[in-house]
Chemist: 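Right, I'll just put the structure down here and ask away after.
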Protein chains: 2
Amino acid sequence: MHKEHTLTKNQQIIFDLIDKSTEPLKAYSILFNVQKKGIKAPLQVYRALDKLVEIGKIHKIESRNAFIACHNSSCQVAKATAFSICEICEKVTEISSAGLSKYLANFKDKDGMKYSKYNLEFFGLCKKCR
Amino acid sequence: MHKEHTLTKNQQIIFDLIDKSTEPLKAYSILFNVQKKGIKAPLQVYRALDKLVEIGKIHKIESRNAFIACHNSSCQVAKATAFSICEICEKVTEISSAGLSKYLANFKDKDGMKYSKYNLEFFGLCKKCR
DNA sequence: TATATTAATGTTATATTATTACACAGTGTT
DNA sequence: AACACTGTGTAATAATATAACATTAATATA
Ligand SMILES: [Zn+2]
Ligand SMILES: [Zn+2]
Ligand SMILES: [Zn+2]
Ligand SMILES: [Zn+2]
């Protein structure tokens, strides 16, 4: 059983925005959208994003510098994420595959090292763009 | 048999720098280091980097905004990369595992979609930092 | 050879993404 | 009270990346 994180005001505002978005959001687009709620500076956004990533409520899509809400409860503990990204429409989907996560968590490099933390981004065309 | 890419002057200068580096290099660090060779502007660096990534001579470490030379000949065709990253000393190693690349190339998402292009970054502690 | 085409370059300016530094407020502990 | 810890507000700046435009080099092909 893991600790529930009560979000602070800024964290909640920013999480709500990301969570209801159908696409990954960029930091300055978030900033623009929450200015009417009193969040005025980049740092306020980045601080909330950092915390939300840390507690697993959102993930950063590294190749896009954008943030998406987690819809996979197991991610909240393991920082092991996988996404598919459409190279045409930029649709991003979190992949939740027990087989994949098991394979990667058990993967050993040539030194025999295992990694519980990873980020995998698949690129291709989504159903619609195919 | 695939086409050999003859690098242009700027591409060669920048590739040489990255190739002989023991760590991933950032664009502006590259710029600083090649200014004595006549490359003066960020765009000249980014253009060369883009091309070098495109032809598979280097890879971008997305989570670090840094570039590393490829030492895995098969990457030159397939844009399917995997790295381990030490969270303490930031050492980055390209993973060259037939098993891993086979598993990922054959992975099907829940729509049955396969992806020949992916980027995987494992995080942990390297041998030295363990 | 001439000429069209493509790829690469040079330069300036600007856009986008992210962090540093400092002051302060709330909360819980000793 | 004194302290540690977390979050907030604000301004300034650093770091990363691209747009726009003019020019030159390399390549193809007529
Ligand atoms: Zn998740
Ligand atoms: Zn698509
Ligand atoms: Zn490679
Ligand atoms: Zn290390």
Side-chain angles (χ1 to χ4, degrees), chain A residues 2-18 21 23-68 85 87 90 92 119 121, chain B residues 2-18 21 23-68 85 87 90 92 119 121:
Chain A
H2 69 82
K3 194 191 173 215
E4 278 307 319
H5 291 273
T6 309
L7 301 185
T8 65
K9 184 169 130 282
N10 288 0
Q11 289 163 12
Q12 189 70 57
I13 290 169
I14 287 172
F15 175 71
D16 287 345
L17 183 70
I18 296 172
S21 170
E23 59 183 8
L25 297 179
K26 304 194 143 220
Y28 277 72
S29 142
I30 292 168
L31 175 58
F32 179 81
N33 276 284
V34 296
Q35 275 175 336
K36 48 182 169 289
K37 305 217 171 181
I39 295 176
K40 289 172 190 160
L43 192 49
Q44 294 172 287
V45 173
Y46 280 104
R47 282 197 283 227
L49 289 173
D50 284 351
K51 192 68 186 184
L52 291 168
V53 166
E54 184 191 324
I55 64 180
K57 299 281 284 179
I58 65 173
H59 302 303
K60 183 173 187 181
I61 310 300
E62 292 287 358
S63 67
R64 300 299 186 260
N65 298 316
F67 299 85
I68 191 173
I85 303 174
E87 291 186 293
E90 292 290 322
V92 173
N119 181 54
E121 298 179 8
Chain B
H2 69 82
K3 195 191 171 214
E4 277 309 319
H5 290 273
T6 310
L7 301 185
T8 65
K9 186 171 129 278
N10 288 0
Q11 289 161 14
Q12 189 69 57
I13 290 169
I14 286 171
F15 175 71
D16 287 345
L17 183 70
I18 296 172
S21 170
E23 59 184 8
L25 296 180
K26 305 193 142 223
Y28 277 72
S29 143
I30 292 168
L31 175 58
F32 178 80
N33 275 284
V34 295
Q35 274 176 334
K36 48 181 167 290
K37 306 217 171 180
I39 295 175
K40 290 172 189 158
L43 194 49
Q44 294 173 287
V45 172
Y46 279 103
R47 282 197 284 227
L49 290 173
D50 284 352
K51 192 68 186 182
L52 291 168
V53 167
E54 184 191 325
I55 65 182
K57 300 280 285 180
I58 65 172
H59 303 303
K60 182 173 187 182
I61 310 299
E62 292 287 357
S63 66
R64 300 297 188 260
N65 299 316
F67 299 85
I68 191 172
I85 303 173
E87 291 186 291
E90 292 290 322
V92 173
N119 181 53
E121 298 179 6

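Bear in mind that the values here come from a model prediction, so they are computed numbers and not experimental data. All chains are named by letter (A, B, ...) in the order of the sequence lines, taking the proteins before the strands, and each is independently numbered beginning at 1. Values below: every heavy atom of this structure, side chains too, minus hydrogens, waters and symmetry copies.
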Chemist: To the nearest angstrom, how far is A/Lys40 atom NZ from D/dT10 atom P?
Modeler: 5 Å
Chemist: Restricting to non-hydrogen atoms, name the atom on A/Phe15 and the atom on A/Ile58 that form the minimum distance, rounded to 0.1 Å.
Modeler: CD1-CG2, 3.9 Å
Chemist: If only side-chain N and O atoms of B/Thr8 are considered, is one of them under 4.0 Å from the OP1 or OP2 phosphate oxygen of D/dA25?
Modeler: no
Chemist: Given atom CD of A/Glu54 and atom C1' of D/dC5, what is their separation to the nearest angstrom?
Modeler: 13 Å
Chemist: Using modelled atom types and a 3.5 Å cut-off, is there a donor and acceptor pairing between side-chain atoms of A/Glu121 and backbone atoms of A/Glu62?
Modeler: yes
Chemist: D/dT6 P sits how many Å from A/Leu7 CG, rounded?
Modeler: 16 Å
Chemist: To the nearest Å, give me how far apart CG (B/Leu31) and C1' (C/dG10) are.
Modeler: 13 Å
Chemist: Calculate the interatomic distance between A/Gln35 atom CD and D/dG9 atom C1'; express it in whole Å.
Modeler: 14 Å
Chemist: At less than 4.0 Å, is any side-chain N or O atom of B/Lys51 found next to OP1 or OP2 of C/dA7? Yes or no.
Modeler: no
Chemist: Any N/O pairs under 3.5 Å between the protein and nucleotides 16-18 of chain D? List them or say none.
Modeler:
from   : atom 1 : to      : atom 2 : distance (Å)
D/dT16 : OP1    : B/Lys26 : NZ     : 2.4
D/dA17 : OP1    : B/Lys60 : NZ     : 2.8
D/dA17 : OP1    : B/Asn65 : OD1    : 3.4
D/dA17 : OP2    : B/Tyr46 : OH     : 3.1
D/dA17 : N7     : B/Tyr28 : OH     : 2.8
D/dA17 : N6     : B/Tyr28 : OH     : 3.1

Chemist: Quick check: closest heavy atoms across A/Gly38 and A/Gln44, and the distance to 0.1 Å?
Modeler: O-NE2, 4.4 Å
Chemist: Flag the pair A/His59 / A/Val53 as yes when at least one side-chain heavy-atom distance between them is below 4.5 Å, and no otherwise.
Modeler: no
Chemist: OP1, OP2 of D/dG9 versus side-chain N and O of A/Gln44: anything below 4.0 Å?
Modeler: yes
Chemist: Mind checking who D/dA25 pairs with, Watson-Crick or G-U wobble, both distances under 3.5 Å?
Modeler: C/dT6
Chemist: Of the options A/Ile39, A/Leu49, A/Ile13, which is the one that meets A/Ile30 in a side-chain contact (heavy atoms from CB on, under 4.5 Å)?
Modeler: A/Leu49
Chemist: Specify the closest pair of heavy atoms between B/Leu25 and B/Ser29, including all atoms of both residues, with the distance to one decimal.
Modeler: CD2-OG, 4.2 Å
Chemist: I'd like a list of close polar pairs between nucleotides 23-28 of chain C and the protein, N/O only, cut-off under 3.5 Å.
Modeler:
none

Chemist: So which heavy atom on A/Ile18 is nearest to which on A/Phe67, and how close?
Modeler: CG2-O, 3.8 Å
Chemist: Could you pull out the closest heavy-atom pair between A/Gln35 and A/Lys40, with the gap in Å?
Modeler: NE2-O, 3.8 Å
Chemist: Would you mind reading off the distance between A/Gln12 atom CD and D/dG7 atom C1', rounded to a whole angstrom?
Modeler: 15 Å
Chemist: Output the rounded distance in Å from NZ (B/Lys9) to P (D/dA26).
Modeler: 11 Å
Chemist: Report the C-alpha distance between B/Ser63 and A/Asn119 in whole Å, list the side-chain angles of each, state the deciding distance to 0.1 Å, and finish with yes or no for side-chain contact (heavy atoms from CB on, under 4.5 Å).
Modeler: CA-CA 9 Å; B/Ser63 66; A/Asn119 181 54; over 6 Å; no
Chemist: Whole angstrom is fine here: how far is it from CG in A/Leu25 over to C1' in C/dT16?
Modeler: 16 Å
